[in-house]
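See structure below.
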Amino acid sequence: MQSSNPAISAMRNAAGVYNFGGVEAGATISGTTTKSILLVGLTMVVGYLTMNYTLSQIYSGQAISSLLMYGSIIGALIVAFITIFKPTVAPITAPIYAVLEGAALGTLSGAFEFQYPGIVTTAVMSTFVVVMTMLFLWKYKIVVPTQRFKSIITGAITGIFVLYMIQIVFSLFGGSLLPSSGPMSILISLIICTVAAFSLILDFENIQIAVDEGLPKHFEYYNAFSLLVTICWLYIEILKLLSKRE
């Protein structure tokens with residue numbers, strides 16, 4: 001099974017490590033759902049507090065804290081890679097990732113909220129609606145993740161990642177590969193948002209398969225972490241899209 005979320009792929013490598021402790025020792029959908037809600041809630045709380053702090057800095061004439069922004073981003077990336085390559089530590093690292101990601105998103109959201117008042121609320125609500133819609137489409141088999149579907153989404157994710165990397169290189173030299181405004185910019189953002197949304201279908205499917213395979217209990221936190229990664233990506237892309245329509 002292929003997934004657009006890099007965190008999910010590690011579950012395949014852990015298949016078969018079930019500790020034979022009985023059904024109660026395996027990951028469950030209900031347990032994963034509970035932990036997903038906890039991690040998303042933690043991210044939102046930290047993000048809300050960080051956003052208010054960032055706005056207070058801006059309103060007082062101070063610059064946005066670079067240490068808070070880049071420190072939390074780098075920290076989140078490090079913790080994410082640790083979690084991906086060592087899923088057994090997910091019960092510890094997943095909440096840490098949620099805090100760091102919340103700080104990063106809160107700082108980013110504060111900057112956007114200052115420039116476009118009300119955009120954060122709209123972005124949060126839009127993200128929630130998209131996640132629930134994708135869950136509904138997957139749950140009731142309206143969208144079935146066939147092998148062709150998986151290949152298309154996975155290929156799109158790879159292409160977007162390469163595009164991001166090229167854009168970063170261009171920005172280091174003061175240039176930009178992607179347009180920042182105009183119809184083409186909006187179209188690109190719409191495409192990326194669509195890919196991010198449909199990648200949730202693959203994640204839901206892979207999580208179900210992982211649960212069916214009887215992976216250990218710590219994968220409940222790992223599964224929740226992997227969903228959080230995708231949801232945060234989706235939120236950022238929606239935030240960027242909304243800013244282009246202002």
Side-chain angles (χ1 to χ4, degrees), residues 3-5 7-8 33 36-52 54-55 58 69 72-73 76 97-140 142-143 145 149 152-153 156-157 159-161 163-164 167 178-205 207 224-246:
S3 173
S4 61
N5 191 325
I8 293 291
T33 300
S36 296
I37 294 173
L38 289 174
L39 291 182
V40 171
L42 181 59
T43 303
M44 292 183 67
V45 169
V46 174
Y48 177 76
L49 295 175
T50 307
M51 183 183 72
N52 285 340
T54 300
L55 286 172
I58 297 175
M69 168 65 86
S72 56
I73 291 176
Y97 175 83
V99 171
L100 292 171
E101 189 68 25
L105 292 181
T107 307
L108 179 66
S109 298
F112 273 88
E113 184 67 19
F114 175 75
Q115 190 170 1
Y116 310 102
I119 192 174
V120 170
T121 300
T122 304
V124 170
M125 293 178 62
S126 298
T127 302
F128 176 78
V129 170
V130 171
V131 172
M132 290 298 102
T133 300
M134 292 298 106
L135 180 59
F136 176 85
L137 294 176
W138 169 78
K139 180 69 175 178
Y140 292 97
I142 298 174
V143 175
F149 178 89
I152 292 173
I153 297 300
I157 290 293
I160 291 171
F161 175 77
L163 193 64
Y164 283 164
Q167 174 67 13
L178 302 175
S180 58
S181 61
M184 183 57 67
S185 177
I186 294 176
L187 178 61
I188 292 173
S189 289
L190 279 171
I191 293 173
I192 295 177
C193 284
T194 301
V195 173
F198 278 105
S199 70
L200 288 168
I201 297 288
L202 299 189
D203 293 335
F204 293 143
E205 181 72 7
I207 288 170
F225 153 77
S226 67
L227 264 183
L228 181 62
V229 171
T230 304
I231 291 172
C232 289
W233 174 41
L234 178 62
Y235 167 75
I236 292 173
E237 294 303 331
I238 289 177
L239 193 65
K240 290 162 61 178
L241 175 61
L242 291 173
S243 71
K244 295 174 183 178
R245 298 181 61 185
E246 292 290 334

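A perpendicular orientation is assigned to the rings of F198 and F149, their planes being inclined by more than 60° (bins at 30° and 60°).
Contacts of M69 classified as side-chain contact (heavy atoms from CB on, under 4.5 Å), with partners at least two apart in sequence or in another chain: I73, T107, L108. In terms of the side-chain contact (heavy atoms from CB on, under 4.5 Å) criterion, residue partners of I37 (sequence neighbours excluded) are, by chain and number, T33. Applying the side-chain contact (heavy atoms from CB on, under 4.5 Å) criterion to Q167, with sequence neighbours excluded, gives S176, L177, L178. Under the rule for a side chain to side chain donor-acceptor pair (under 3.5 Å), the partners of S189 that lie at least two apart in sequence or sit in another chain are K244. F112 is linked by a ring pair (Phe, Tyr, Trp, His ring centres under 6.0 Å) to nothing, counting only residues two or more places apart in sequence or in another chain. Among residues two or more places apart in sequence or in another chain, the ring pair (Phe, Tyr, Trp, His ring centres under 6.0 Å) test is passed with F161 by none. For L38, the side-chain contact (heavy atoms from CB on, under 4.5 Å) partners at least two apart in sequence or on another chain are T34. F136 is linked by a ring pair (Phe, Tyr, Trp, His ring centres under 6.0 Å) to Y140, counting only residues two or more places apart in sequence or in another chain. Considering only residues two or more places apart in sequence or on other chains, Y97 meets the ring pair (Phe, Tyr, Trp, His ring centres under 6.0 Å) condition with F225. Evaluation of the side chain to side chain donor-acceptor pair (under 3.5 Å) rule for S72 yields no partner, not counting sequence neighbours.
The nearest pair of heavy atoms linking C232 to L105 is SG-CD1, 3.7 Å. Pairing each heavy atom of C193 with each of L234, the nearest pair is O-CD1, 3.8 Å. Across all their heavy atoms, L239 and A123 have their closest contact at CD1-CB, 3.7 Å. The two residues W233 and S199 have their closest heavy-atom pair at CZ3-OG, 4.0 Å.
Interatomic distance, CD1 of I188 versus CG of L163, reported as 7.0 Å (0.5 Å rounding). Separation of atoms OG1 (T127) and CE (M132) is listed at 11.0 Å; rounding is to 0.5 Å. L241 contributes atom CG, which lies 5.0 Å from atom CG of L190 (distance to the nearest 0.5 angstrom). I142 CD1 to I201 CD1: the interatomic distance, rounded to the nearest 0.5 Å, is 9.5 Å. Here the straight-line distance linking atom CG of L242 with atom CD1 of I238 works out to 7.0 Å at 0.5 Å rounding.
Counting only heavy atoms from C-beta outward, the side chains of T230 and F204 never approach each other to under 4.5 Å. Within the 4.5 Å cutoff, side-chain heavy atoms of L200 are placed close to those of L227. Contact annotation: the side chain of S36 never approaches that of L228 to less than 4.5 Å [non-hydrogen atoms, C-beta and beyond]. Proximity of F114 to L55: side-chain heavy atoms (C-beta onward) are separated by under 4.5 Å at one or more points. With contacts defined as side-chain heavy-atom distances shorter than 4.5 Å, the pair I207/S226 qualifies. The shortest distance between side-chain heavy atoms of V124 and F128 does not fall below 4.5 Å. Within the 4.5 Å cutoff, no side-chain heavy atoms of L202 are placed close to those of E205.
Using modelled atom types and a 3.5 Å distance limit, the side chains of S126 and Y235 yield no donor-acceptor pair.
For the salt bridge (Lys or Arg N to Asp or Glu O under 4.0 Å) condition, the pairs that include at least one residue of residues 226-243, sequence neighbours left out, are E237-K240.
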For residues 40-52, which side-chain N or O atoms pair as donor and acceptor with protein atoms under 3.5 Å away, sequence neighbours left out?
unit_1 : atom_1 : unit_2 : atom_2 : d
T43    : OG1    : L39    : O      : 2.9
T43    : OG1    : A98    : O      : 3.4
T50    : OG1    : V46    : O      : 2.7

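A side-chain donor-acceptor contact under 3.5 Å links E113 to the backbone of G118.
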